[in-house]
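The block underneath contains the structure these notes are about, expressed in structure tokens.
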Amino acid sequence: MLGMGFDVRTASGAYTPDAGELALLAFCNASRAQAGLAPLVWNDGLGQAARAHSTDMAKNGCYQHSSCNGTGWSTRIAKYYSPWTALGENIALGGSNPRDLHDDWMASPGHRANILGPFSEFGAGIALGQTNFGVWAYATEDFGNRGAITPATIPTLPSGGIAPRIGGAEPRELVVNYFHHNGAAPKSVRAMVGSSCVNLSKTAGSATNGTYGASRTFSGSGCVPVVFEAIRSDGVRIRWPADKAVLVGVGAGGFYCAETTTAVPTQDCGGGGTTPTPGPTPAPTPAPGDTSELKSLRVVAKPGKANTSAAVIQVQAVLPQLGTFDPSSGPITIRINLGRGADWGTTIPATCGATPCLKPNNKLTSYNGKVGKTTIGFVRAQNGKWKLRFSAKAQTLGSLDPGKVEVTLSVDGRTFTGSATGELKQSGLFAD
């Protein structure tokens, strides 16, 4: 299943599209490229209008272009997107996989006409709702034109996606749009999948207005970061997303994966190129001594003797001194590179039912939680630093090799990293 489509917001409360909604734009642009049309650009206003309509249909059980209270569809969109010169809308009820939603729309003449219509901007919304046939996805695509988009303002990588984003061992579709209005064919287009580089082939359109993709299977259990990258004909290196990675959920451990992570892949896939210098972005002022390094790191990986899915993972670490810290405020992701032979990761959700998965003590100096076979705790020492204690049982591990062990921890909107040398013993891999 892809992004749940609920009202995903940032810590500041601002709207942000989810991975499934952005993937709908990637598939839409692939069809437009195949027809020789310029790609559409994501617009937050259209995205909010589409999200609001999908949520309205899911909550109130109606399935129509007008809002469930009878408000006309164009009136609704105009609340978020104005002034406009052209509008269009597609809706669907069924599965949440963006590939399936897009293919169904393209098979319908009216919906296909919107996808290939005289528009320049796009927004989408996916929400889950109870129907007589179970929990289904209500999906909305909104199209618009304000005359604000020119070929020169279309991003080099308008959108990308992984479908399905959450799943098991089935093949996943990696897809990214490429556009360069006054250039030539890109020098390379690839996906950075975890610590691997995956070359993408053109699947639709032309060299300067095309879509690139590949099929990829994932093994194990946990969350794998994916970033798309292109090197243009002028040598400029572009990434999508620009400052984060989409997390692909794999197996049982991937069900709770967050949408994205700031712990992006850092490998160099070759091909040269220069990265444009981004403009300044606001950042929180760090507390004195605040760094991103995990200290006193210890990792233990013990494979099951007779059962490869009975492994135990343990992590201990000390976080830097932090001004404020609330590990219960959002999902927690831990990824471990276990030497040369295996990668492992998991995500602990923010809530378990109606309560946070991590429960604080009265003084807010200790947070502890248990999700299935996973336990995690954060304890604040007298010097103000936080100690992590983590254990996951009944896990699946590949072959283990001695060597560098790297740990990435994403918690409370921050990312911490640490490394240690791993020694292979009879009972498993030990690193400290």
Side-chain angles (χ1 to χ4, degrees), residues 19 22-23 26 29-30 33 39 154-163 165 171-220 222-248 250 260-278 292 335-345 398-399 401 403-408 415 417 419:
L22 291 168
N29 282 339
I154 297 175
T156 300
L157 300 180
S159 192
I162 302 97
R165 187 181 71 87
R172 314 293 183 91
E173 185 176 4
L174 309 179
V175 58
V176 66
N177 310 133
Y178 178 87
F179 183 80
H180 196 193
H181 73 283
N182 62 353
K187 293 183 178 180
S188 61
V189 181
R190 57 273 189 115
M192 303 164 69
V193 181
S195 58
S196 302
C197 298
V198 179
N199 291 324
L200 306 181
S201 302
K202 184 165 64 69
T203 58
S206 66
T208 56
N209 176 22
T211 293
Y212 291 73
S215 179
R216 178 83 171 179
T217 57
F218 295 80
S219 60
C223 310
V224 180
V226 175
V227 173
F228 295 98
E229 180 180 81
I231 298 181
R232 297 192 321 205
S233 59
D234 56 4
V236 174
R237 185 190 301 261
I238 305 291
R239 286 187 175 182
W240 187 97
D243 54 359
K244 54 189 175 182
V246 176
L247 282 173
V248 177
V250 185
T260 60
T261 177
T262 56
V264 301
T266 58
Q267 66 270 24
D268 186 351
C269 296
T274 59
T275 303
T277 302
S292 61
R335 289 202 57 79
I336 309 174
N337 185 313
L338 295 164
R340 298 185 299 271
D343 288 322
W344 180 90
S399 61
D401 292 314
K404 188 176 181 180
V405 174
E406 299 174 312
V407 175
T408 300
T415 298
T417 59
S419 63

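For the numbers below, each heavy atom of this structure counts, side chains included, while hydrogens, waters and symmetry mates do not.
Under the rule for a side chain to side chain donor-acceptor pair (under 3.5 Å), S233 has no partner lying at least two apart in sequence or in another chain. When the side-chain contact (heavy atoms from CB on, under 4.5 Å) test is applied to S195, the partners found at least two apart in sequence or on another chain are D343. Evaluation of the side chain to side chain donor-acceptor pair (under 3.5 Å) rule for T156 yields R232 as partners, not counting sequence neighbours. For S188, the side chain to side chain donor-acceptor pair (under 3.5 Å) test picks out R190, with sequence neighbours left out. The side-chain contact (heavy atoms from CB on, under 4.5 Å) check on P171 picks up S215, T217, with sequence neighbours excluded.
Going from atom CD1 of I336 over to atom CD of E406 covers 11.5 Å, rounded to the nearest 0.5 Å.
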Quick one: side chains of residues 238-245, donor-acceptor pairs under 3.5 Å with protein atoms, not counting sequence neighbours, listed by atom name and distance.
unit_1 : atom_1 : unit_2 : atom_2 : d
R239   : NE     : E229   : OE2    : 3.0
R239   : NH2    : E229   : OE2    : 3.4

Can you give me every donor-acceptor pair (side chain of residues 174-183, partner residue at least two apart or in another chain, under 3.5 Å) with its distance?
unit_1 : atom_1 : unit_2 : atom_2 : d
N177   : OD1    : N29    : ND2    : 3.2
N177   : ND2    : A26    : O      : 3.0
N177   : ND2    : T211   : OG1    : 3.0
H180   : NE2    : N182   : OD1    : 3.4

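Put simply, the side chain of P225 does not reach to within 4.5 Å of the side chain of V264, judged on heavy atoms.
Taking both residues in full, the closest heavy atoms of G194 and Q267 are given as O-NE2, 3.1 Å, listed atom of the first, atom of the second, then distance. Closest approach of M192 and C269 over heavy atoms only: CG-SG, 3.8 Å. Between L247 and R165, the closest heavy-atom pair is O-NH1, 2.7 Å. Heavy-atom minimum distance, G213 versus T203: N-CG2, 3.8 Å. Scanning both residues, V250 and R172, for their nearest heavy atoms gives CA-NH2, 4.0 Å. Nearest heavy-atom pair, A230 versus L157, reported as atom, atom and distance to 0.1 Å: CB-CD2, 3.9 Å.
Evaluation of the salt bridge (charged side-chain N to carboxylate O under 4.0 Å, His left out) test over residues 178-187, restricted to residues two or more places apart or in two chains, returns none.
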- Message: Working note: F228 + V246, criterion side-chain contact (heavy atoms from CB on, under 4.5 Å); need CA distance, chi angles, decisive distance, verdict.
- Response: CA-CA 9 Å; F228 295 98; V246 176; 6.0 Å; no
